[in-house]
Structures are given as structure tokens and as C-alpha cells.
Amino acid sequence: MKSTKSAVRQSHFPGSLCVVYFVSLLLMSGVHMGLVTLINTKGWNDIVAVLIPTVYWALVAVALTLYARWQIKKTYEEPMHRLAKATAKVAQGDFSVYVPPLHTADKLDYLDVMILDFNTMVEELGSIETLKTDFFSNVSHEMKTPLAVIQNYAQLLQKENLTEEERREYADSILQSTRKLSSLITNILKLNKLEKQTIRPVPEQYDLCQQLCDCALQFEDAWEKKDIEFIAELEDRAIIEADPGLLELVWTNLLSNAVKFTPPGGTVTLTQTSDEKEITVSVSDTGCGMDEKTLRHIYDKFYQGDTSHSTEGNGLGLALVQRILQLSNGTITVKSRVGQGSTFTVRLPAPIHREEISQ
């Protein structure tokens, strides 16, 4: 299959055009010879003999000039003027601009490719503008909610006839909202730095199994409180070469979601396997699961498919996870069914040289 570039016509003046011009000039020369023969046959004077061929070639020159001018205008000037007008609209913030190509897909030339690239660029700019607008809208909404809670409970604390229990309840609500606000800002800053690559992974070899155990133990109180059965199926040791600080964010986010979405009495399973090429970590739960629509958006910023748990997060966790794994040359996949739970699987490349970690 030929690539798109190889199929693009690189010039508007192919070699066959030389043949066309050659034949045209032969015909014009034939007409000229016919005029000369006619003049000689009629015995016209010298002035007429010079004037008629001169007028004839002048008309030929005018015709060729008009034809060349029409071709240049049609082929270059009009498309470039349309592109210039479209560029001016984009510069003014209009990303709905579309410039139609000159030819069909099977007869593209380099101007068509430039126009198609321009259309793609405008479409991407429009998407970025939409994402930016949505981002600020979501950030404003996510910040407004805890700030409103803090303001309301702070006003209630100003009342003088409150019991000690009520004061403690209001203070706890304020504290919970400030923690959520702090988590939101922290995640936004982390995600922003990761996307701008101001945070770069600093790989080192370490024991992934030990890290997974440490991360899982952070949620021991949470799963015991919900009477969740936690199952860990890990190798004794798995040496990985990655940034431990960034990968810790991956495991804590996945484990946090699994515990959060698993109902009381459910099961969360942490599995780790490895071979010569890659190391695989899976986090499974028996929670509510996700439908196809939710699965298509789980890595979008601020997206929360299960709104019943929206107060427990801000929808940035999986976006962080995906970006970290992209920077770590890893991948993440998910399988989920509504009412049956979800399984997130992370795959990371195994280190080329496995070294024993000193005890």
C-alpha cells in the first residue's frame, strides 16, 4: 500500500505538458505558414505581408498570456487567498473554519496536502480550546463546592448557642472540605507539571513487590472498615526500573478507587506477575462496574462516572495515572461490567539488566 505522500502529485507541470505545448506550437506555426502562403498567393504588398503575421502572433501571445494567467489564478492565487482569509479568521479565534481541498483524494497535490494539514490544525486548535474551556469550568465547579461548604459551616460556627458536638461536627466538615480542596489543587499542579514534562521520571531499580505491599497497607483501615476481603497475589520479588515516586501515585490511585467503589463485604484483588519482557500489575474489585460510555471517558479530567462517590474524589486520579504511565513507557487497560466490578491492568517494561537489590 502506497503512503499518502507518495500518491501526492508534486507538480502542476508534468512532463506531458511539454508535449502539449510542442503540438500547440506546431499547429500555430502551421497556421503561420498558411498565412504566409496565402499572402504570397494573393501577391499582397510587403506591409501587409509583415502586418498579418505580426497581428497573428500578437493574438497568440495574448491568448497564451490569458490562458497562463487563468491557470495561475485558478491553481495558486484563489486557493492561497482562501487559505489567507481562513488563517485570518483562525487568528481572530474562529476555529470553525474549513477550507475545501482542490481535488479529490485520489488526485491530491501538495497544495491539497497543505490545505488538509491546515484543516487538521484548526480542528486540533478547536479541540484544545474546548478542553481549556471545559477545564476551567470544571476547576471552578470543583473549587466552588468545598468553598461553599467551608463558608456555610464557618457561618454556623459563629453561633453562640452551639453544643460541643455540633461544633465538632461543623469543624470536621470544614476540615474534610479543606482536604478535598487541597487534594484538588495538588492533583491539578501534578497533572500540569506532568503534561508540560517539568516533572521527568528519574528511573531507578527497586523491588516493585515491596512497593505494592506498602501502598496496599495504606488502605488497611479503609477495607477493614467496609469489611472488604483484600487478596494479594504477588511474587516474592520483582525488580523494576522506574521512578518509584511516580509509580506510587499509580498504585495508590488504583487501590483507592478499588476500595472506594467496592461495597461492604466485597473483594479487592491485587495481582502481580512478570516475565522477561514486562511486569504486569492488576487491581480488581467487585464493585459497581462501568458501562461503555463511562469506559470511554474514565481518563478525561474531572470525569466521574459514578456520581454517588463524587464527594470522595475530583476525577483527576486516572488522568494522572495515564500520564505517569505514558512517561514511564507503560500502558493501562481496563475491563469492566456493570454490577460485576472492574479490573485495571498496568504493564511496564522489565529492566534490561536485572540487578539484585541490597538488603
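Bear in mind that the values here come from a model prediction, so they are computed numbers and not experimental data.
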If you apply the rule side-chain hydrogen bond (donor to acceptor under 3.5 Å, both in side chains), what do you find for Ser274 with Glu235, and how did you get there?
CA-CA 8 Å; Ser274 63; Glu235 296 176 324; 2.7 Å; yes

Scanning both residues in full, the closest heavy-atom pair of Glu278 with Asp275 reads N-OD1, 2.8 Å

Take Val268 and Phe219 through the test side chain to side chain contact (heavy atoms under 4.5 Å, CB included) and record every step on the way to the result.
CA-CA 11 Å; Val268 172; Phe219 300 95; over 6 Å; no

Minimum heavy-atom separation for Ala216 and Trp223, please, with both atom names.
O-CZ3, 3.0 Å

Is there a side-chain contact between Leu255 and Val283 (heavy atoms, below 4.5 Å)?
yes

State whether the side chain of Lys226 and the backbone N or O of Lys260 hold a donor-acceptor pair below 3.5 Å, judged by distance alone.
yes

Separation between CG (Leu157) and OH (Tyr170), nearest 0.5 Å, reads 8.0 Å

For the residue pair Trp57 and His32, does the interplanar ring angle fall in the parallel (under 30°), tilted (30 to 60°) or perpendicular (over 60°) class?
tilted

Quick check for you: to the nearest 0.5 Å, what is the distance between Asn253 atom CG and Asn257 atom CG?
6.5 Å

Would you check if the side chain of Asp94 reaches a backbone N or O of Val90 as a donor-acceptor pair within less than 3.5 Å?
no

Could you check Leu254 against Leu270 for side chain to side chain contact (heavy atoms under 4.5 Å, CB included), going step by step and ending with a plain yes or no?
CA-CA 10 Å; Leu254 294 180; Leu270 173 64; over 6 Å; no

Is any side-chain heavy atom of Met114 closer than 4.5 Å to one of Leu111?
yes

Checking side-chain contact (heavy atoms from CB on, under 4.5 Å) between Leu162 and each of Glu160, Lys159, Glu165, which is the one that passes?
Lys159

With side-chain hydrogen bond (donor to acceptor under 3.5 Å, both in side chains) as the test, would you mind laying out the steps for Thr267 and Thr286 before giving the verdict?
CA-CA 6 Å; Thr267 303; Thr286 57; 4.7 Å; no

hydrophobic_cluster_shared for Val50 and Trp44, side chain cutoff 4.5 Å
no

Where do Trp251 and Cys215 come nearest, in terms of heavy atoms and distance?
CB-SG, 4.0 Å

Are any of the side-chain heavy atoms of Met33 and Met28 separated by less than 4.5 Å?
no

Would you say Ile47 has more than 12 foreign heavy atoms packed within less than 6.0 Å of its CD1?
no

How close do Lys74 and Pro79 get, counting heavy atoms only, and between which atoms?
O-CD, 3.5 Å

Any non-hydrogen side-chain atom of Thr269 less than 4.5 Å from a side-chain atom of Thr271?
yes

Smallest separation among heavy atoms of Val202 and Pro244, with atom names:
O-CD, 4.3 Å

Determine yes or no for a side-chain-to-main-chain donor-acceptor pair under 3.5 angstrom, with Asp112 supplying the side chain and Pro101 the backbone.
no

Is a side-chain donor-acceptor pair under 3.5 Å present for Asp207 with Gln211?
no

Side-chain heavy atoms under 4.5 angstrom apart, residues restricted to Ile, Leu, Val, Met, Phe, Trp, Tyr: same cluster for Ile72 and Leu64?
no

Should Leu249 and Val321 be marked as a side chain to side chain contact (heavy atoms under 4.5 Å, CB included) after you check the CA-CA gap, both sets of side-chain angles, and the distance that decides it?
CA-CA 7 Å; Leu249 289 174; Val321 166; over 6 Å; no

Going by distance alone, is a donor N or O of one side chain under 3.5 Å from an acceptor N or O of the other, for Thr343 and Ser282?
no

Would you find a donor on one side and an acceptor on the other, under 3.5 Å apart, between the side chain of Ser336 and the backbone of Met290?
yes

Which value, rounded to the nearest 0.5 Å, describes the distance between Thr273 atom OG1 and Arg347 atom CZ?
8.0 Å

Leu35 with Leu51, same ILVMFWY side-chain cluster at under 4.5 Å:
no

Please name the pair of heavy atoms, one in Gly287 and one in Pro263, separated by the smallest distance, quoted to 0.1 Å.
CA-CD, 3.7 Å

One should read off an interatomic distance between Thr262 OG1 and Phe230 CZ, to the nearest 0.5 angstrom, of 10.5 Å

Taking Met121 as the starting point, is it possible to reach Ile115 by hopping between hydrophobic residues whose side chains are less than 4.5 Å apart?
yes

When you measure from the side chain of Ser177 to the backbone N and O of Ile174, does any donor-acceptor pair fall under 3.5 Å?
no

Nearest 0.5 angstrom please: Leu212 CG to Thr252 OG1, how far?
11.0 Å

Side-chain heavy-atom pair Met80, Lys85 within 4.5 angstrom cut-off
no

Can you check side chain to side chain contact (heavy atoms under 4.5 Å, CB included) on Thr163 and Glu166, steps first, answer last?
CA-CA 5 Å; Thr163 64; Glu166 288 175 330; 3.2 Å; yes

Is the shortest side-chain heavy-atom distance between Asn329 and Leu348 below 4.5 Å?
no

Could you grab the distance from atom CD1 of Ile228 to atom CG of Asp285, nearest 0.5 Å is fine?
9.0 Å

Taking only Lys NZ, Arg NE, NH1 and NH2, and the carboxylate oxygens of Asp or Glu, determine whether Arg337 and Glu292 approach each other closer than 4.0 Å.
no

Among Val281, Ile239, Leu234, find the one that has a side-chain contact (heavy atoms from CB on, under 4.5 Å) with Leu208.
Val281

Is any side-chain heavy atom of Lys335 less than 4.5 Å from a side-chain heavy atom of Ser342?
no

Asn119 vs Val97 side-chain heavy atoms within contact, under 4.5 Å:
no

